[in-house]
2 protein chains.
Amino acid sequence: MTIASATPYCSHGAHCQTCSLSSLCLPVALKTGELDHFDAIIKRRPPLATGDCLFRQGDHFSNVYAIRSGSLKQVNFDHAGNEQITHFFLPGELVGFDGIDDGYHTGYAHAMEKTCICEIPFSHLETLAERIPQLRSQLFRSMSREMKEDHRLIRLLSCKTADERIAGFLINLAVRFQRCGHSSKTYRLPMTRTDISNHLGLALETVSRVLKRFRDNHLVAIRGRDVQILQPQLLYELAENGSP
Amino acid sequence: MTIASATPYCSHGAHCQTCSLSSLCLPVALKTGELDHFDAIIKRRPPLATGDCLFRQGDHFSNVYAIRSGSLKQVNFDHAGNEQITHFFLPGELVGFDGIDDGYHTGYAHAMEKTCICEIPFSHLETLAERIPQLRSQLFRSMSREMKEDHRLIRLLSCKTADERIAGFLINLAVRFQRCGHSSKTYRLPMTRTDISNHLGLALETVSRVLKRFRDNHLVAIRGRDVQILQPQLLYELAENGSP
DNA sequence: CGATACTTTGAGCGCCGTCAACATCGGTGG
DNA sequence: CCACCGATGTTGACGGCGCTCAAAGTATCG
């Protein structure tokens, strides 16, 4: 079983007007003229390679970023230097809002594979949002959505078992991959088992063992990073209720 | 040991111009004329009694709320009906941002004691923020700060022991109580042990046992809900490093 | 093709959840 | 004012989930 990578090639000169992800991204609901204005403030960067940093802890906050293709992980630190992956970001999602508060980023954002990014200068975005109510609403909605994602993760971490966490994680990824144009059943994990274990608050051995159990029970087919969800309904119920 | 309640009386006709919390709240950095405009869109409500709901799951989102005095807990649900307390809100803090995304609230907000609230209609706030850059920045900053708080909690839940979680929780409350004008060392917990255990992802018996251990080790003096932090530095190190 | 990172699998044990009993607090009504 | 009662908090015994340590197997890349 081999599944196409989640990272198709993407030209770094592309524009919002022709971007297949614009229905997920900030330009949603913008009229043609407005879209041109929005497109004009965006800087396209050369693609990030695996392991490259989009921003580092302590960097001055000046942009938010939209992902065109590829994937990122956002890593925060506590005072003792322990890492915590708070988010994985997929195409069509926005990165960097946590830097607004006091003007610098509190953690790293690493590319987990070759990743194309749109850089959106926040001051320009604010100015433009002043004039375009649709854009403003979408900006607030994006931030609010990230909060809801955080609350989902908090609930997951605070009272769910390893099985429930991993079921929820696989389902959540499936939903988000589908939203950006992939199959809802098959995808390729961009992150390592170590990343998953860190994000879900588990030991990496536990992640490995639970995935094996899911495979043995024919809930999913997993080989390396290729995932195929065989029984979405059962997996969903496991994630929510804890009952198989 | 008895410590004054965190809920002094607060007139519900008060205005931002005279509010002691305005330096924490949205009006921060507004000029006098702007402050008048801001004050004009706010509705003061009669105080909430213990257990009253500010909003319920599924309610249409139309306001954010600033706390003048008292405290709230925000409770979210998963599909199986399990509750998860994602936030405790103290005076000077803003509640309700998670409703922006799809226009309704995803959980309850309960008053944990008698609580005075400023209701801020979000549509008016957006309009006003269009004209007043300071207000706009502060709005973004408030949302961004809530995200950072979420990330802190995620880190806490994902890899910390019961001792570390509770140490972190006590320190965090101390900081926030100090910010709104209390002592940094002594405060009264507005929430039950059950609420704490839910929020931190622990059994309530564990909360009780860890607090006893902290008391035995003279890190804190706790009697019922009255907390006095005796060794802030040690408690902080315990929360961050796990080392006593 | 060798080196390095990543993943799987096993054995043992400790933290913390569950169950249970009891103590304490706060409020209500006789 | 006191007796009562439900809600809240404390303490103990015990077992299981998931972590740690260890080692072998596998993908990936220069």
Side-chain angles (χ1 to χ4, degrees), chain A residues 1-3 5 7 49-51 73 82 85 110 112-114 156-169 188-216 220-227 238 242-244, chain B residues 1-3 5 7 49-51 73 82 84-85 110 112-114 156-167 169 188-216 220-227 238 242-244:
Chain A
M1 179 180 64
T2 300
I3 296 166
S5 159
T7 316
T50 306
K73 61 178 174 183
N82 303 312
I85 301 176
H110 275 284
M112 295 189 294
E113 56 191 320
K114 182 185 168 190
L156 181 146
L157 291 172
S158 97
C159 56
K160 299 218 177 265
T161 64
D163 286 31
E164 291 161 18
R165 290 178 199 206
I166 291 176
F169 178 72
R188 188 175 167 79
L189 294 168
M191 71 291 285
T192 67
R193 300 285 192 269
T194 305
D195 286 341
I196 298 175
S197 71
N198 177 300
H199 181 61
L200 297 180
L202 298 169
L204 74 92
E205 296 92 332
T206 304
V207 172
S208 201
R209 271 186 265 268
V210 171
L211 288 177
K212 175 183 161 59
R213 195 166 342 113
F214 285 179
R215 195 188 316 129
D216 292 347
V220 295
I222 296 191
R223 192 182 149 74
R225 298 201 182 177
D226 291 319
V227 174
L238 177 57
S243 67
Chain B
M1 180 179 63
T2 301
I3 295 164
S5 158
T7 317
T50 306
K73 60 178 172 181
N82 303 311
Q84 167 63 34
I85 299 175
H110 276 283
M112 295 189 292
E113 57 192 317
K114 182 184 167 188
L156 180 147
L157 291 173
S158 98
C159 56
K160 299 219 176 265
T161 65
D163 286 31
E164 290 161 20
R165 291 178 198 206
I166 291 175
F169 177 73
R188 187 175 168 80
L189 295 168
M191 72 290 286
T192 66
R193 300 287 192 270
T194 304
D195 286 341
I196 298 174
S197 69
N198 177 299
H199 181 62
L200 298 180
L202 299 169
L204 74 91
E205 295 92 332
T206 304
V207 173
S208 200
R209 271 187 268 265
V210 172
L211 288 178
K212 176 182 161 57
R213 194 164 344 112
F214 284 179
R215 196 188 315 131
D216 292 347
V220 295
I222 295 192
R223 193 183 148 73
R225 299 200 180 176
D226 291 319
V227 174
L238 178 57
S243 67

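Just so we're on the same page: letters track the sequence lines, and every chain starts at 1. No experiment lies behind these values; they were computed from the predicted model shown.
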Stepwise side chain to side chain contact (heavy atoms under 4.5 Å, CB included) test for B:I196 and B:F169: CA-CA 9 Å; B:I196 298 174; B:F169 177 73; 3.9 Å; yes

Segment of DNA chain D, first to last nucleotide, that comes within the 4.0 Å heavy-atom reach of chain B: D:dG9 to D:dA13

B:V210 side chain reached by B:R165 side chain, heavy atoms, under 4.5 Å: no

Separation of C:dC6 C1' from A:M191 CE (nearest whole Å): 15 Å

Student check: side-chain heavy atoms of B:T192 and B:R225 closer than 4.5 Å: yes

Divergence of helical axes at both termini of the helix from C:dC1-D:dG30 to C:dG30-D:dC1 - five pairs an end, 10° steps: 50°

Between C1' of C:dT7 and CG of A:D195, the distance in whole Å: 13 Å

Any B:I166 side-chain heavy atom under 4.5 Å of B:F214 side chain: yes

Set of side chain to side chain donor-acceptor pair (under 3.5 Å) partners for B:S158, sequence neighbours left out: A:Q84

Test side chain to side chain donor-acceptor pair (under 3.5 Å) applied to B:D163 - qualifying residues, sequence neighbours left out: B:R213

Separation of C:dT8 P from A:I166 CD1 (nearest whole Å): 11 Å

For atom CG of A:L189 and atom P of C:dC6, their distance in whole Å: 14 Å

Sugar-phosphate, base or nothing in reach of A:S208, heavy atoms under 4.0 Å: base

All side chain to side chain contact (heavy atoms under 4.5 Å, CB included) counterparts of B:K73, not counting sequence neighbours: B:V75, B:I85, B:F88, B:H110, B:M112, B:D195

Under 4.0 Å protein heavy-atom contact, by nucleotide of nucleotides 13-18 of chain C - B base, S sugar-phosphate only: ---SSB

Euclidean distance, B:I222 CD1 relative to B:R215 CZ, rounded to 0.5 Å: 6.5 Å

Could I get a table of every N or O pair under 3.5 Å where one atom is in the protein and the other is in nucleotides 25-28 of chain C?
unit_1	atom_1	unit_2	atom_2	d
C:dC25	OP1	B:R223	NH2	3.3

Considering all heavy atoms, the nearest B:P190-B:E113 contact: CB-OE2, 3.5 Å

Pairs meeting criterion salt bridge (charged side-chain N to carboxylate O under 4.0 Å, His left out) with involvement of residues 197-211 of chain B, two or more places apart: none

Phosphate OP1/OP2 of C:dT7 contacted by A:R225 side-chain N/O (<4.0 Å): yes

Side chains of A:T206 and A:L200 in contact at under 4.5 Å (non-hydrogen atoms): no

Side chain to side chain contact (heavy atoms under 4.5 Å, CB included) partners of B:S208, counting only residues at least two apart: none

Atom pair distance, as rounded to whole Å: NZ in B:K212 and P in C:dA23: 15 Å

